Amino acid sequence: MISEWIVSAFLLFGGLFIFIGSLGLIKLPDFYMRLHGPTKATTLGMASILIAAMVFFANSEHGLSVKEILITVFLLITAPISGYMLIKSALHHKLNATEETKGLDKIEKD
Amino acid sequence: MIEHLAVLPILLPMLAAVILLLPPCGKSLFMRRIASAIMAVITLVVSIVLLVQVTNNGISVYAIGNWSAPFGIVLVADLLSVLLVSLTSLLGVAVVIYSIAGDDKKGNFFHPLVHFLILGVNGAFLTGDLFNVFVFFEVLLIASYSLLMHAGDKHSTRAALQYVILNLVGSSVFLIGLGILYGVLGTLNIADMAQKVPQLQGDDIYIAKAGGLLLLVVFALKAALLPLHLWLANTYSNAKPVVAALFAIMTKVGVYAMLRVYTVVFGDEAGELAHMAQPWLWGLAIATIIVGAIGVLAAQDLRKLTSNLVIVSVGTLVALISLQNEEATAALLYYLVHSTVVTAALFLLSDLISLQRGKVADRLTAGRGVKQPFLLGTCFIIATLSVIGMPPLSGFIGKIWILKSTLNSGQAMFFWPVYLLTSLALLVAMSRAGASLFWERRHKNSNELNDAPNAHPLHIIAIISLLACSPLLVIFAQPISDYMQNAAHQLHDISGGIKAVIKGGL
Amino acid sequence: MTLLWIPLLSLIGSVISSCTAKLSRNATATLTLIAPLIALAITAYHAPAVLAGETLRYTVTWVPAIGLDLSFRLDGLSLLFMFMILGIGTLVILYARFYVSAQDSIAKLYSYLMLFMTAMLGIVMSNNVIQLWLFWELTSISSFLLISFWWHKSEARRGAKMALTVTGAGGLALLAGLMIIANIVGSYDLDTILASKELIQSDALYEVALVLVLLGAFTKSAQFPFHFWLPHAMAAPTPVSAYLHSATMVKAGIFLLARFYPALAGTDIWFILVGLTGLATLLFGAYVALFKHDLKGLLAYSTISHLGLITLLLGLDTDLAAVAAIFHIINHATFKASLFMATGIIDHETGTRDMRKLNGMWRYLPYTATLAMVAAAAMAGVPLLNGFLSKEMFFTETLSSEVLGSMSWLIPVLATIAGALSVAYSARFIHDVFFNGDPIDLPRTPHEAPRFMRVPIEVLVVLCILVGIFPHFVVNGILSAASMAVLGKDLPEYHLSIWHGFNLPLLMSAIAVVGGVFIYMNRKYLFKFQASLPPLNAKKLFERVVYRLVQWSQVNISNIENGSLQRYIVVLLVVVLLCAGWPLFEMQKLAGSAPLAPIDIHNAIGAGLLIIGAIATVIWHRSRMVSLLMLSIVGLMVSVAFTRFSAPDLALTQLTVEVATVILLMLALYFLPQHTPKESSSLRVLRDLSIASTVGVVVASICYALLTRPLESISEFFIANAKTGGGGTNVVNVILVDFRGFDTLGEITVLGIAALGIYKVLSNIPIFSPTKDGEGREWAKDKHPVLLASISQSLLPLALLVSAYIFLRGHNLPGGGFIAGLVTSIAFILQYMAHGTTWINERFDVNYRKIIASGIGIALFTGMGSWLFDRPFLTTWFDYFAIPLIGKTELASAIVFDLGVYLTVVGATLMILASLGNMSGTTVSKEVKI
Amino acid sequence: MELLYASCVGVLVTCGIFLLLKARTFPVVLGLTMLSYAVNLFLFSAGRLTINKAVVLGTSSDYADPLPQALVLTAIVIGFAMTAFVVILAIRGRADLGNDHVDGHIPELSANKKEQS
Amino acid sequence: MRLQGQFKWLPTPIFSLFLFVVWLLLNNSASIGHILLGTILALSIPLITFSFRDRQPTIIKPSLALKQLFIVLYDIVVANIEVALLILGANKKLRPAFIKVPIDLTHDLPITILASCVSLTPGTVSADVYPIKENLLEGEQIGQRYLLIHVLDLDDEEALITLIKQRYEMPLKEIFQC
Amino acid sequence: MLDTVLLIVFSLIGLSIMLNFWRLMKGPSVPDRILALDTMYINVIALIILYSISMGTGLYFEAALLIAMLGFISTVAVCKYLLRGDIIE
Ligand code: NA
Ligand code: NA
């Protein structure tokens, strides 16, 4: 019963974060800012949901299952790199940042 | 080994391809040639042994993986399939021998691809499972795509693009048809389908009909039946002739599939679906013959002409399929063997002629003469006489048999005039072609020195081994026609066929 | 048996002469003569029996399936023709020895001539209609070879083609006719057919069959209006003309009429068709012959005219007419062959055949002239020569004919006119060539021909005279035997004698002679009249018809096969629509009886994304990159659908394939234009849209129809046997590696071939590497971003571990060799992307070709391994072992098979991508191993 | 749900074919890919739709039809091989022919404009 | 700094351990069979892929690494909540900026780890590593490296740079001893 | 209770995917679309995990794992394409 509470909590937390990440993708004004949502919020949300799954399956007839950790690990390793590749291509495409952005001069020509 | 004979015509080419890709054949052209030729000959010998075995002992059913039909995939070696397998293997030998004279140097993987193609064709002939037919179709198609690019010029690229894309759409249609049939019949084995089709009830019948018709579309596309023939002339004439010669068997795969599925699954015993497309097929076949003949007349080079001859032969074959009787099927088989061998030989011949005529190649215009007029001329005459159905070569027996089997069908009044006028058109076209290729000179009285090389002995061996079939088909016409009649009888004996394939069936 | 030897001998002769190319001309001729002489002897040996009324037969079955037997018969008609064929053949061979110049290959000519002789013998001896047709066609072929003997001359080529076409067409008609007749009678046996007159003539198809047979006969015998090929066939060497185009081949048509006379003749339609055709040909040929300046042209038209005469006789409704026809066949053969040979000598000696140049030959060639004049007189029907006798009989029969009813009087009148014309052209032949002043501009000065060149003419001319004077003694035997064979009954009474007293036929002959001389003397008015008529050149007309036909074909074909792939696809789709759509309309109700599942939110979202993704792909298709991104959503949603509907293996496969495809498309995008310009007209868009959506609706309908019906399938078996028979709990995988392992073997073969093919396609490709992207931006300089490079190095082992995991569990849980292989490949692709080809090639010395081959090989050998246990190919083996420490473990051959799959997939995928990568790599240090 | 599924297949077929009828190789390849998705879904549906009955023995009491799944798997793999080939062929076509047209002749409109690369 | 493992047959001991654990996790089992199989794979895979590795420093202080791992995980959770709030807040309040952080690390792997940490933690995303190899002149050595970072809401540039260098770069230098 | 929570989370993730989709459609730039797609991949993983929980089956774990791996690789491939054109050079 407690586990169901834990699962529910993690699920809700994860769902919320994933949603916020995706919301950021819509709401923020320029590409560079939009990138923050998915690389962070979504990753955390995923981790949370995977923990929920782990707990859930640990209590089901399948017995302890920790392999969901792997997906989390994988996402943690890859998310920064995807973000890096994305921002690199955005810089290459000279996407406009909002006017408020400081330090645009620090970008070197690639 | 003898009990595994039925699977060998599929496994041997596969083995050949594997051997050819691995050391020591992978790197040494010489080794590759030797291995390829040996394996092609072994495949032929095994095919013939299988043919003899089936002739003596009746249908041989081979359950792959020891899972019997309808659950596993079974190979059905009956008189019909082993005949076509032997024909394919023969063609394979000729093509391999011909290519060793130099064509195999011009691109990568020629020999393995040839064996892969043979593997696909033999598989399509032997398998008794409809999805497995699909798989082998894809094997032979992908091999043919690659071989088509063996010419390595612009035209072949353009032709290949069209051929490949069209066939990919065809494969999609095949899968949809298969899905429909599985969705109503719940099985994939051809014999099992034949058992289940008569039991269909209500609207299921029409769903099955849609599936069956879609398969027919695919087979018609492979066979190049009007109006799905449009790809053929361009494809075949832009392939290297040695490849085109091998392709001569490919339309026959479509014809075979049509014959098999149409006769067994939707044949006499299919209840409401019996002979569901007969009138359409009949009309389209006749139209195909006409269009093919027009193409033959229009052709401006020998390869194009030969390609259109293939279309004519497809029309003829499908017309016979649509008659759905034993005699027509027997005639079909005879004609199929004859036309395949002869068109293949003509493709090879067009290559030799091109080689010796210099710039004009095989175009049907005045130009330089060939270096070896007697040799090539004789071969050309033999091929021509066969192809237009003039005695004393195999074409005339095919022609008479076809006329005879259509005579009492009630359709003769449409078919005969078309067929005979087509023969005439072919005669006009071929005599025109021969005159242009061998006789007409661009410059009058020019005795320009022909510096072209003489034909390679292997070229000649390959062509002659194919052309020799034509007189042999006449000389041994009696046993051969008996075989064809038996094969036709076996095919039309649907319940017998089902009994052989499925234990406890019917 | 000896019957068989007759054609066989001449065939052997043909082969022998073709082998004598290196011998002297005399030796060649001598060797060639052996066969026909022996054949003649055999024929003569059989002659007494035949003359006594016997019919000899010899039959061997050959191809019963098509009614073809090797069946020979020898009756009077055959005998007559055989004597002509062999006799004149022998003379022609002798003559040709001197006629053919040293540059030409006489061996070839002889070989063709003997082949032709075989064919003719075959025709006249056939006792099976298919066999008859077979030899009939052989005459067309051998005559084609003979006419085109001087193939370097355009005249010869064109004449040969035309002759082949016309007689070939006739041959086809004949075949059809014969097969119809045989079908009516129920036998291909000539004896049976000839005995079934009533049966044939009462059949509904009698007229059709008759017309077809007559077409065959008329084309071969150059009957009007199919006569036009014959004059052009004169491009052949003169011995050929003498043999084929006067004595034998053209008579094959006549022979056919005579042969089938007992079965087909006797009806009104026979008389009208045959009689009128003969009459028209008789008149037309005689008239045209008069105006020919070419000697051979004159003889050609005269031949046409005489063939018409014989045909007319066969078309007259009296028995005696048939006898007259046979008689004239003999006579015409003798005088016409000798005339051709004489012409050959003139041509040979003077270098021309133009009668406007040839004058006064009497002085140069007195001996030849004498022979020719006798023969020409026979042709004109001068008494004491054979032509007179048959012409007299002809006139007699025209008088008794009632073919035209009340207008039957026209026949004798027209026959007389034709007779007069025939006298006129014969007169011209004699007067214009041998007299009429001096020759003009002859290429050569003529001398008498060699002795042996004249012998054949002498023989024939002597025959003309002998028959003319002692007809009964010389020809009656064979004439009556032949006539009996034609009529199929006892002969009417007739007398072969020179003098029948003063009667109407004699008067007609007299009128003809006088009229003929008169016409010849006033020829210049006729020539003027003829010249005012529009010229009608059959050859040009024929060639124009063929040319038009070819052009028409070319225009049509290029309109149909215009090279547009989209048109081909549209055609295919329309056919698909018809085939799949039509049965839908026959259905009562689309939905079946199975209970439906409700739509839940997940499915709705997934379906929505799928649909919008698909539509977005279409909408953005001109911006290819975006379109590709949209497509990957569709792919993702398809794999989600597979997870949703209980197919984890499919989901995994779809995912991996989808990523590999996207990567591939991305690679392609680099080498292809980035954008698709707008070029479709609105109409085309409309067309495309309607076709696409109709097909979509049809497929969806069928899909719905299937989904709403219950299914009974063979699958229960797989579920029941997967564990016990296949040793795995993942039924899909067990199907793949066991129940239907053969499919999988084929599938990896496809993949392997594709990789090899791709390598092949990319080799020697003209490199095309754009330096800017679609919007004109230069590419980034950073080739291998640092972070990506280092992280991918760590990901590779991880990915390999995952693929090992997926591979090993496949038999029991979702996974398997294919998915594992793709995961491995994609991990390697990541290395390629992160480090580039050069870097990889430096570190990774693996030959993809070998990997593919080993993969397929492993799968193949695993399958063959079962042979060792006497089981069929691909029979799997598995067992459970209790291994210390580890416990109960399953070992299965399926895993080895799956390893083959794995290797093939890895090899193929990497080969594909590496070849693509190598293609653009300009700094590749070493060539990628294939 | 069956109707929704069938509609998805229909839409995929429609979009795939529409792309297939474009005159350039890239849309054609996209069309083929989409068509093969549709075909795979169709073939899959021949075994009917079942939820949560994956054919892994011991995970359920009754199972989905495994055979169409195996068939689709084979079809996917073959489809991948074919797509790969046609993609490469398209590249070769561009290299050999200088453009990516597959509609017989290059329409005038773009013949004048310089090919975008 | 050590660029290569101590044993030729075990080039990356820590990584092998990682693979071994991953194997057990994947199979969700610690049976002897899987331990055996996992060991084999954990040993063989690095050997197979060894040639695909550029020489990178190896972890010399595993315990520190573990500690650092937890720090980063903690930071991730905290930072993400921060970012979530920022996203939910008004766009106008945000002060985006690019900053350039000079880094002392010299090898690609530590730099990658640093960049990843930066990306996963407070409102920052690593954008690039300067200088780019292709921008260097022929034969020129890579001198000072910089990390280009995009910040979602920049308050104090210097403080952020210091934070990154101290909280993430310093421990990395120690772990890898470089 | 879990069912209710699952429904809520399902809806949240569904909503997220639609938001991703909206960004994917709207762009405006290609990197934006790629970012949207990448996020969508991750959200689909969440969807599959949720699905596994609601169905109580572990059979789809590998699908999730593969999406995680392959989604990353395809994002990298697309970015590499934008940067260099030739993704394997
Ligand atoms: Na004269
Ligand atoms: Na088995």
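Keep in mind the model is a prediction, meaning the values are calculated, not measured. Reminder, nothing fancy here: chain letters follow the sequence lines and each chain counts from 1.
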Colleague: Let's go through Asn43(F) and Thr42(A) carefully: what are the C-alpha distance in whole Å and the side-chain angles of both, what is the deciding distance for side chain to side chain donor-acceptor pair (under 3.5 Å) to 0.1 Å, and is it a yes or a no?
Modeller: CA-CA 8 Å; Asn43(F) 290 352; Thr42(A) 304; 4.9 Å; no
Colleague: In terms of heavy-atom proximity below 4.5 Å to chain F, should Leu75(A) be classed as side chain, backbone, both, or neither?
Modeller: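 The side chain, not the backbone.
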Colleague: Among Thr4(F), Leu65(F), Leu35(F), which residue forms the greatest number of heavy-atom pairs with chain A at distances under 4.5 Å?
Modeller: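 Of the candidates given, the most pairs with chain A belong to Leu35(F).
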Colleague: So for Leu50(F), is it side chain, backbone, both, or neither that comes closer than 4.5 Å to the heavy atoms of chain A?
Modeller: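 For Leu50(F), side-chain heavy atoms alone lie under 4.5 Å from chain A.
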Colleague: Just so I understand: if I count every heavy-atom pair under 4.5 Å between each of Ile53(F), Leu15(F), Ile8(F) and chain A, which residue has the most?
Modeller: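 Heavy-atom pairs under 4.5 Å are most numerous for Ile53(F).
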Colleague: What part of Met40(F) gets closer than 4.5 Å to chain A, counting heavy atoms only: side chain, backbone, both or neither?
Modeller: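 Looking at Met40(F), nothing touches chain A.
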Colleague: Tell me, for Leu86(A) versus chain F, whether the close heavy atoms (under 4.5 Å) come from the side chain, the backbone, both or neither.
Modeller: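 Leu86(A) touches chain F through backbone and side-chain heavy atoms alike.
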Colleague: Which value, rounded to the nearest 0.5 Å, describes the distance between Phe21(F) atom CZ and Ile26(A) atom CD1?
Modeller: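 If I round to the nearest 0.5 Å, the distance is 11.5 Å.
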Colleague: Atom CG in Asp3(F), atom CD in Glu4(A): separation rounded to 0.5 Å?
Modeller: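 Here the interatomic distance stands at 8.0 Å.
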Colleague: Just so I know, are the side chains of His93(A) and Ser29(F) near enough to count as touching, which here means a heavy-atom distance under 4.5 Å?
Modeller: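 Result no, sub-4.5 Å side-chain heavy-atom pair not found.
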Colleague: Are Leu25(A) and Leu19(F) side-chain neighbours, meaning at least one heavy-atom pair lies under 4.5 Å?
Modeller: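 No, every pair of side-chain atoms sits at 4.5 Å or beyond.
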Colleague: Kindly compute the distance separating OH (Tyr84(A)) from SG (Cys79(F)), expressed to the nearest 0.5 Å.
Modeller: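 Answer rounded to 0.5 Å: 11.0 Å.
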Colleague: Using heavy-atom distances under 4.5 Å, tell me whether Asn20(F) contacts chain A through its side chain, its backbone, both, or neither.
Modeller: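 Both parts, heavy atoms under 4.5 Å.
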Colleague: Picking from Thr75(F), Ile13(F), Leu12(F), Val78(F), which has the most non-hydrogen pairs under 4.5 angstrom with chain A?
Modeller: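 Max contact count across the listed options: Leu12(F).
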Colleague: Heavy-atom distance under 4.5 Å to chain A: side chain of Ile42(F), backbone, both or neither?
Modeller: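 For Ile42(F), backbone and side chain are both near chain A.
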Colleague: Can you tell me how far the CG atom of Leu95(A) sits from the CG atom of Asp32(F), to the nearest 0.5 Å?
Modeller: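 Between Leu95(A) CG and Asp32(F) CG, I get 6.5 Å after rounding to 0.5 Å.
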Colleague: To the nearest 0.5 Å, how far apart are CZ in Phe31(A) and CZ in Arg23(F)?
Modeller: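 If we round to the nearest 0.5 Å, Phe31(A):CZ and Arg23(F):CZ are 10.0 Å apart.
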Colleague: Flag the pair Leu6(F) / Leu11(A) as yes when at least one side-chain heavy-atom distance between them is below 4.5 Å, and no otherwise.
Modeller: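 The answer is yes, as the side chains (C-beta and beyond) meet within the 4.5 Å cut-off.
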Colleague: Less than 4.5 Å apart, any side-chain heavy atom of Pro38(A) and any of Asp38(F)?
Modeller: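 No - every pair of side-chain heavy atoms lies 4.5 Å or more apart.
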Colleague: Between Arg34(A), Met85(A), His92(A), who has the most heavy-atom pairs with chain F when the cutoff is under 4.5 Å?
Modeller: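 It is Arg34(A).
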Colleague: Count the heavy-atom pairs under 4.5 Å between each of Ile67(F), Ile73(F), Leu83(F), Val9(F) and chain A, then report the option with the highest count.
Modeller: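 Of the candidates given, the most pairs with chain A belong to Leu83(F).
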Colleague: Is any side-chain heavy atom of Ile49(F) closer than 4.5 Å to one of Ile71(A)?
Modeller: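 Yes, side chains in contact.
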Colleague: Which atoms of Phe56(A) are under 4.5 Å from chain F, going by heavy atoms: the side chain, the backbone, both sets, or neither?
Modeller: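 It is the side chain, since no backbone atom gets that close.
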Colleague: With only heavy atoms counted, which part of Phe74(A) is less than 4.5 Å from chain F, the side chain, the backbone, both or neither?
Modeller: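 Only the side chain of Phe74(A) comes within 4.5 Å of chain F.
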Colleague: For the interface with chain F, which of Ser8(A), Gly15(A), Ala53(A), Gly14(A) has the highest count of heavy-atom pairs at distances below 4.5 Å?
Modeller: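 When all of Ser8(A), Gly15(A), Ala53(A), Gly14(A) are compared, Ser8(A) has the most.
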Colleague: Flag the pair Ser89(A) / Tyr81(F) as yes when at least one side-chain heavy-atom distance between them is below 4.5 Å, and no otherwise.
Modeller: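 With C-beta onward as the side chain, the pair stays apart.
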Colleague: Output the option from Val30(F), Leu2(F), Ile45(F), Ile34(F) having the highest count of non-hydrogen pairs under 4.5 Å with chain A.
Modeller: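 When all of Val30(F), Leu2(F), Ile45(F), Ile34(F) are compared, Leu2(F) has the most.
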Colleague: What part of Leu23(A) lies closer than 4.5 angstrom to a heavy atom of chain F: side chain, backbone, both or neither?
Modeller: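 For Leu23(A), backbone and side chain are both near chain F.
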Colleague: Let's go through Val76(F) and Thr78(A) carefully: what are the C-alpha distance in whole Å and the side-chain angles of both, what is the deciding distance for side chain to side chain contact (heavy atoms under 4.5 Å, CB included) to 0.1 Å, and is it a yes or a no?
Modeller: CA-CA 10 Å; Val76(F) 166; Thr78(A) 56; over 6 Å; no
